[in-house]
Number of protein chains: 2
Amino acid sequence: MAGIKDVAQEAGVSVGTVSNVLNGRKGRTSTETRARVLAAVEKLQYTPNAAARQLKSGLTQTLGLVVPSVANPFWGAVSHHVERAALEFGYKVLVCNAEREVAREATYAEDMLGSSIRGVIFGSSPVSMDHLRDLAARGLRVAAFDRRSRGASGVVACSVSIDQELGGRFAARHLIGLGHQRIAFVSGPISTSSRIGRLAGLRAAMEEAGLVLEDRHIWQGATRPGFGDTEGAQLGRAAVRELLAQRDPPTAIFTANDMYALGAYAGARDIGARVPGDISIVGFDDIVFAEIMQPPLTTIRQPIGRMSEIIVRRLIHDLEDGRRGDAGGGAHVDITPELVVRASTAPPPDHGRGNS
Amino acid sequence: MAGIKDVAQEAGVSVGTVSNVLNGRKGRTSTETRARVLAAVEKLQYTPNAAARQLKSGLTQTLGLVVPSVANPFWGAVSHHVERAALEFGYKVLVCNAEREVAREATYAEDMLGSSIRGVIFGSSPVSMDHLRDLAARGLRVAAFDRRSRGASGVVACSVSIDQELGGRFAARHLIGLGHQRIAFVSGPISTSSRIGRLAGLRAAMEEAGLVLEDRHIWQGATRPGFGDTEGAQLGRAAVRELLAQRDPPTAIFTANDMYALGAYAGARDIGARVPGDISIVGFDDIVFAEIMQPPLTTIRQPIGRMSEIIVRRLIHDLEDGRRGDAGGGAHVDITPELVVRASTAPPPDHGRGNS
DNA sequence: CTGAAAGCGCTAACAG
DNA sequence: CTGTTAGCGCTTTCAG
């Protein structure tokens, strides 16, 4: 491993000069010296040691991204977009998988702080950000993706998310418009602001239509830890089976994300129910598979490209520009989700034939 | 940000002592001092600065993982497993997305070397590892996942992959056993050892059965850069449409991975062909969605949990134990893939009714 | 315009 | 058992 010293020697200059041509302002070295240094760098295949550099400067050009589940393509896509956006600012991104475990979130954040990473984006997870309060107090800039900063005063520097509740309303209205009256909600633990919001939207829209969301139609699965791979799909599958076994089964299901919806397809198939003939399904996220599934899934799309760009821009700006002590008031930007109607929804089975 | 110095002061000891209780052997400090130090650490919320630490030791406890596409859940799952395995050894993993671009692979590797990351796992990508030769020469331990080290003498320290060719044979034999004679191969650029191997296996098995794999049945799509999200699915979709429009269309399709297969479903649907009635499809990887798709996809499974564990163990061992200059001979371990028969394959349409 | 020298926070000898 | 001290590789004043 060649060091800056070797380069200096090779070029016949001092280390200070090398450092200057490598990152000092242009005007500080003669073109000729500059060329010699560059040649030496090339010849020696010199790569500056990032550890030393950041030790000195105290800064890193990398952002952290903590996602709740790499097994869900939605987060894969988010990683993709966040990385892309960060790259434009010359930042790299370190992706961590929290497996929806609060403890892991905190551990990762801790590690990052130790690695001089000063800004971390957290993907939807627990409502409370309290476990990150310490870190924030110690200088970590916390950004939230798909999660509101509600009640997390002082810890979240900025956040983006779609208007979750509105998303829920879109789904509900579409279903209600089709004639559905018994709509179920299926989800894993309803403990993230995104899920809570989606459910709230569903409930609100139903109430506005004079319908009631029954408790037994809220299917909240437990997440088995370490079950990441299949998690969502499995839950959705189990959910449909149970829901459709009820006396007055729902005629439509709104799921907290597309993974559950896809699992629901499998569940429906297991018991011989047809989508959307016997049961309508609307998902959330619009992952690539949504369009490919048979039938193509009606879902609520989150414009993650735009969202990623916003959050990255804000975080970096905040990091570089605002070094003013406090963690900011938590500027939140709300994006409007979009209903994508495909083929997994239709009027309920008994529609138009009278029903009592 | 509290430093070791502050802790020392708070505890009324020297920095050396603090350092010792934090990572020196246990026997070197009195229980009492130890307690005081720990208390100070707690009180000050001290987190050691990783940059400084690694600057001193020259080592990092983090591995790099470069995957070709985060949009493909297969790689999401691999990240998951690699991370899990690394964690057991106390390592973290930095996941990078190369988007199947050689240049990005090299750039990332370069960055990592600069960040004192000494070991990187590369997921299937270009056959040649030449672009990494420099890095390897400069001390980077390169491990390959799902990619043979063939011809990369001196650059790859170790690798794991399934026997790709065998996987291709499994798929082919299954299809041939069903009565198929015109089998197509659909894939993106056939420029990775994995794809080349899979195709070779298909061809070999067909020849053994006295069949011939026609060139026009080898559908090789171009990858549009930055198209990551939908890439695979789109290609598969286009492929089926074109393939089935030929005079003597194939009756079965073997795809280089499940994403293509899933796209193929969409393509078949586009033109009103039924799977497996009109066209049989077998994929590769066995991603979660394979089982959920309608019809469930017949595919070749890669035991990624086991593979991840092997590669991580080897890399770390190699990194910690063997500091013997050369990059090793490239110990490769081959895993046997597994044919998972589901419902996307059936005898060809004209089977048993004579066919000319 | 270029060289010398002082650390960044930490670890690892080596003294005491 | 604990304190001192010399750097790790680099950036950055500050002289020359």
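The structure displayed is predicted, hence computed values, not measured ones. Hydrogens, waters and symmetry mates play no part in the numbers below; they use all other heavy atoms, side chains included. Below, chain A is the first sequence line, B the second, and so on; all start at residue 1.
- Regarding A:Gln54, its CD atom lies at a distance of 12 Å from the P atom of C:dG9, rounded to whole Å.
- Residue A:Val18 is out of contact with every strand shown, counting any heavy-atom pair closer than 4.0 Å.
- For the side chain to side chain contact (heavy atoms under 4.5 Å, CB included) criterion with A:Trp75, the lone passing option out of A:Asp146, A:Asn97, A:Ile304, A:Val95 is A:Asp146.
- As a whole-Å value, the separation of A:Asn20 CG from C:dG3 C1' is 11 Å.
- If you take CG on B:Leu63 and CZ on B:Arg118, they are separated by 11.5 Å, rounding to the nearest 0.5 Å.
- Atom CG of A:Leu44 and atom P of D:dG9 are 14 Å apart (whole Å).
- Comparing atom distances between the A:Ala52 side chain and each of D:dT5, D:dC10, D:dA6 picks out D:dC10 as nearest.
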For A:Ile310 and A:Leu315, what are the C-alpha separation, side-chain angles and deciding distance, and is it a side-chain contact (heavy atoms from CB on, under 4.5 Å)?
CA-CA 9 Å; A:Ile310 291 174; A:Leu315 218 208; over 6 Å; no
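- Atom CG of B:Asn49 and atom C1' of C:dC8 are 8 Å apart (whole Å).
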Where do B:Arg36 and B:Glu32 land on the salt bridge (Lys or Arg N to Asp or Glu O under 4.0 Å) test, with the steps shown first?
CA-CA 6 Å; B:Arg36 273 220 312 291; B:Glu32 198 239 341; 3.3 Å; yes
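- For A:Ser30, a side-chain nitrogen or oxygen approaches OP1 or OP2 of C:dT2 to under 4.0 Å.
- The side chain of A:Thr33 places no N or O atom within less than 4.0 Å of a non-bridging phosphate oxygen (OP1 or OP2) of C:dC1.
- At whole-Å resolution of the value, CD in A:Gln61 and P in D:dT11 are 12 Å apart.
- We find that NZ of B:Lys56 is positioned 13 Å from P of C:dC10, with the value rounded to whole Å.
- Of the candidates C:dT2, C:dT11, D:dT11, C:dT11 carries the atom nearest the B:Ile4 side chain, counting heavy atoms from C-beta on.
- Between B:Asp6 atom CG and C:dG9 atom C1' the separation is 11 Å, expressed in whole Å.
- Within the structure, a side-chain polar atom (N or O) of B:Thr17 is placed less than 4.0 Å from OP1 or OP2 of D:dG3.
- To the nearest 0.5 Å, the span separating CD1 on A:Ile117 from CD on A:Gln61 amounts to 11.5 Å.
- Atom pair B:Tyr46:OH and C:dC10:P shows a separation of 3 Å (rounding to whole Å applied).
- Contacts of B:Gly16 with the nucleic acid, taken as non-hydrogen atoms under 4.0 Å apart, include base atoms.
- Between A:Ser14 and the phosphate of C:dG3, there is a side-chain N or O to OP1/OP2 separation shorter than 4.0 Å.
- Listed nucleotides: D:dC10, D:dC1, C:dC8. Nearest to the side chain of A:Leu55: C:dC8.
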